[in-house]
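This report refers to the structure that appears directly beneath it.
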Amino acid sequence: MAKYDPLFEHLCKAGSEAITMTFDEIERLVGPLPNAALDQSVWWSNEASRGTHVQSNAWLNAGREVEAVDRNRRRVRFSAPSWRRGA
């Protein structure tokens, strides 16, 4: 099992609406987030990856995108599920 698979599974089961999660909720699923998640917005980018941003595969493969990140309040909003062309 890959580190971010539990986040993928959670997002798949979260229903058809957008969902806001705290960093603490995500960490309960996947373990501690890296410093980059706390310090750099790019960590939350919606880019499919084969190596460097593997975390984004969790939400993209669940049909979601990150809509907003508030690193100060430690929250992220994922879109309602939809499918990208080629997904």
Side-chain angles (χ1 to χ4, degrees):
M1 174 183 282
K3 176 175 179 162
Y4 297 100
D5 285 354
L7 176 60
F8 164 77
E9 292 171 9
H10 179 80
L11 293 172
C12 285
K13 295 175 185 175
S16 61
E17 302 296 323
I19 180 174
T20 299
M21 295 181 72
T22 66
F23 289 8
D24 290 338
E25 290 171 324
I26 294 170
E27 288 180 321
R28 281 194 289 277
L29 294 171
V30 303
L33 291 172
N35 289 337
L38 309 175
D39 300 334
Q40 301 172 14
S41 294
V42 71
W43 193 89
W44 298 98
S45 68
N46 293 310
E47 295 183 23
S49 173
R50 296 191 192 277
T52 57
H53 288 266
V54 295
Q55 70 282 0
S56 62
N57 291 338
W59 54 81
L60 294 174
N61 289 342
R64 297 179 184 267
E65 293 187 347
V66 169
E67 293 182 331
V69 178
D70 185 336
R71 292 189 325 269
N72 292 326
R73 295 180 65 201
R74 296 175 48 91
R75 293 176 184 243
V76 59
R77 179 175 173 87
F78 296 101
S79 69
S82 64
W83 301 108
R84 292 177 156 204
R85 177 177 269 185

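What you see below is based on every heavy atom in this structure, not just the backbone, and it leaves out hydrogens, waters and symmetry mates.
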key: Atom pair CG/CG of Asn57 and Asp5 - distance to nearest 0.5 Å   = 10.0 Å
Exercise: identify the closest heavy-atom pair between Ala14 and Ile19 = CB-CD1, 3.8 Å
note = Separation between CG (Leu7) and CZ (Phe78), nearest 0.5 Å, reads 5.0 Å
remark   = Rounded to the nearest 0.5 Å, the CZ atom of Phe23 sits from the CG atom of Leu38 at a distance of 6.0 Å
message = With heavy-atom distances below 4.5 Å as the criterion, would you say the side chains of Trp43 and Val69 are in contact?
response = no
inquiry  = Can you tell me which residue among His53, Glu65, Glu47, Gln55 is in a side-chain contact (heavy atoms from CB on, under 4.5 Å) with Leu60?
reply    = Glu65
query = When hydrophobic residues are tied together by side-chain contacts of less than 4.5 Å, even through go-betweens, does Phe8 share a cluster with Val66?
reply = no
remark   = For Ala62 and Pro81, the nearest pair of non-hydrogen atoms, with its separation, is O-CB, 4.0 Å
request  = Can you label the angle between the Trp59 ring and the Trp44 ring as parallel, tilted or perpendicular, going by 30° and 60°?
outcome  = parallel
ask   = Taking the side chain from Arg64 and the backbone from Ser79, do they hold a donor-acceptor pair closer than 3.5 Å?
value = yes
inquiry  = Rounded to the nearest 0.5 Å, what separates atom CD in Glu25 from atom CZ in Arg74?
reply    = 11.0 Å
